[in-house]
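Data block below; observations after.
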Number of protein chains: 2
Amino acid sequence: MPSPPVDPSTLRFAVLAVDVVVFALHEETLRVRLNPVDRPAVAGREGFPGGLVAPTESSEQAAARRLRDKAGIDPETVYLEQLHTFSAVDRDPRGRVVSVAYLGLTTIAEDVIDTDAADSDTLYSGSGARWQPMDDLPALAYDHDAMASVAGRRLRERLRATNLIGRLLPESFTLTILQDAFESLLGERLDRRNFRRRVQELGLVEPTGEERREGRGRPAALFRVAEADVRAIPLL
Amino acid sequence: MPSPPVDPSTLRFAVLAVDVVVFALHEETLRVRLNPVDRPAVAGREGFPGGLVAPTESSEQAAARRLRDKAGIDPETVYLEQLHTFSAVDRDPRGRVVSVAYLGLTTIAEDVIDTDAADSDTLYSGSGARWQPMDDLPALAYDHDAMASVAGRRLRERLRATNLIGRLLPESFTLTILQDAFESLLGERLDRRNFRRRVQELGLVEPTGEERREGRGRPAALFRVAEADVRAIPLL
DNA sequence: GGAATAGTGTCTTTCAGACAATATGTT
DNA sequence: AACATATTGTCTGAAAGACACTATTCC
């Protein structure tokens, strides 16, 4: 339905962008995906993967596309939800750029290379992009600091209220791993017996029937998140 | 503030709009503010108050401004929070218009005139704008139907989790009124004694010390919402 | 056998839900 | 006195929280 083309000189307009704050869990550490930002105006700082929205795509589509292009992550493997739209007039030195930010959850892909373990504990993933621990973020480009803060708060809210933890974990996992994940994400220590009772009675997880034997010690039963789609569960 | 040196012919851009879904409570009925939409393309349908975002304002500022201009409501009296950004490519027949939607809560102003009580039970407020019962919405312009649905869901979530009910009620109120409000908003009936115990033990309300005598029957103590700012309360 | 990890049951306390009688005002 | 509305307390069942020992495997 092609309509009267809008004349930008008479209409108010803005450049529309998306940014995606992608979280993943790596050995009990919550990490976010950072990309180098090459614009001169922001002087070598990093930022979340993102970019401009094309005239023919919605912001959701743009977010998925940018995940692939800018972060090399298959959007199919990422849970995305809209986070917040940032529209401060001067948030981008280039001009009026409004950004629709998305929250993303994923499992860290296998292409992750743990180079340079000495230099803090950064995980690199090629081309300078990296998974940075959420509690050790550098100063970011644009208003991505604020974005990070909003995203972190929202992530915790959602983890408490839904079964989204499943999107941060591998297909199957032991209850110990699940508990470690919650403890580290929510920053509180939980009783093992009560925790196991809860997650099973609430129907958050179900046994796969397999078990994992690893190192010494008794083998652990494997579980999966019971339902694949996002479900409201008043959790912990 | 002359605007950004962006050349629209080379950059992807969109027209940026805001829409505000303002809720108010009138005699236990949840109502939203509707305005006539005059664009030919949407043929006499109504929509939420809104409009384009100026190059010099954030979407928050635009939302406040539009509340005043389009709905004649003092933004100071309205609680606003960002709801969702709607960016489907064809959501506006005029072209690419992306809308940042806001959720608004307010107390119905005194300028409300209950004309035409026969014609359903619409409350008019001058210039064709009206407060329409949320459970009796007509088909709306653009994608405002979807907006209404998102806003309704979010409103109920927020009412359950915070003290925002205070933004829908007058300064002080009786516990009966508070309970009626919850019952109608959440669509469930609550036990009087348990309800009163809860709201007081949770610290949602505190007595003002005054009482209201009205009609026959025992006078009721007046309460106010204990804290003015938004607070998380796992409510009902 | 010792070390390491996984797994399990009970008791207590707290909170949610069901339930009905009394108090205070008006007419 | 009749009526209308507001206010209050107890009992019961369910869920949350504290708490320590047994089971299985590897070395």
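As a basis for the values below, the full set of heavy atoms in this structure was taken, side chains included, without hydrogen atoms, waters or symmetry mates.
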For nucleotides 25-27 of chain D, give me every protein contact, N/O to N/O, under 3.5 Å, one pair per line with atom names.
| from | atom 1 | to | atom 2 | distance (Å) |
| --- | --- | --- | --- | --- |
| D:dT25 | O2 | A:Gly217 | N | 3.4 |

To the nearest angstrom, the CZ-P distance between B:Arg198 and C:dA18 comes to 12 Å
Can you measure A:Gln200 atom CD to D:dA15 atom P for me and round it to whole angstrom units? 16 Å
Between B:Arg189 (CZ) and C:dC19 (P), how many Å, whole number? 15 Å
Which is more 5' along DNA chain C, the nucleotide nearest B:Asn194 or the one nearest A:Asn194? Just name the residue. A:Asn194
Is it true that B:Glu60 and B:Arg66 have a side-chain N and a carboxylate O under 4.0 angstrom from each other? no
Identify whether the distance between the nearest side-chain nitrogen and carboxylate oxygen of A:Glu211 and A:Arg213 falls below 4.0 Å. yes
Rounded to the nearest Å, what distance is computed from the CD1 atom of residue B:Ile177 to the P atom of nucleotide D:dT7? 11 Å
Can you list the residues that meet the side-chain hydrogen bond (donor to acceptor under 3.5 Å, both in side chains) rule with A:Arg231, with sequence neighbours excluded? A:Glu227
Salt-bridge criterion met for B:Arg224 and B:Glu171 (N-O under 4.0 Å): no
Reckon B:Thr174 touches a base, only the sugar-phosphate, or nothing at all at heavy-atom distances under 4.0 Å? nothing
Over how many whole Å does the gap from B:Asp191 atom CG to D:dT8 atom P extend? 14 Å
Residue pair A:Arg197/A:Ala220 against DNA chain C: nearer the 5' end by closest nucleotide is A:Ala220
How long is the line joining CD of B:Glu201 and P of D:dT8, in whole Å? 13 Å
Any idea which of C:dC19, D:dT7, C:dG7 is nearest the A:Arg196 side chain? C:dG7
What integer distance in Å separates B:Phe195:CZ from D:dT8:P? 14 Å
Report yes if a donor N or O on one partner sits less than 3.5 Å from an acceptor N or O on the other, where the partners are the side chain of B:Arg192 and the base of D:dT7; otherwise report no. yes
Residues in side-chain hydrogen bond (donor to acceptor under 3.5 Å, both in side chains) with A:Arg156, at least two apart? none
Polar side-chain contact A:Arg193-D:dA20 base: donor and acceptor under 3.5 Å: yes
Measure the acute angle between the ring planes of A:Tyr142 and A:His144, then classify it against the limits of 30° and 60° as parallel, tilted or perpendicular. tilted
Are A:Arg31 and A:Asp135 close enough that some pair of their side-chain heavy atoms sits under 4.5 Å apart? no
Separation of C:dT8 atom P from A:Gln179 atom CD, nearest Å, is 14 Å
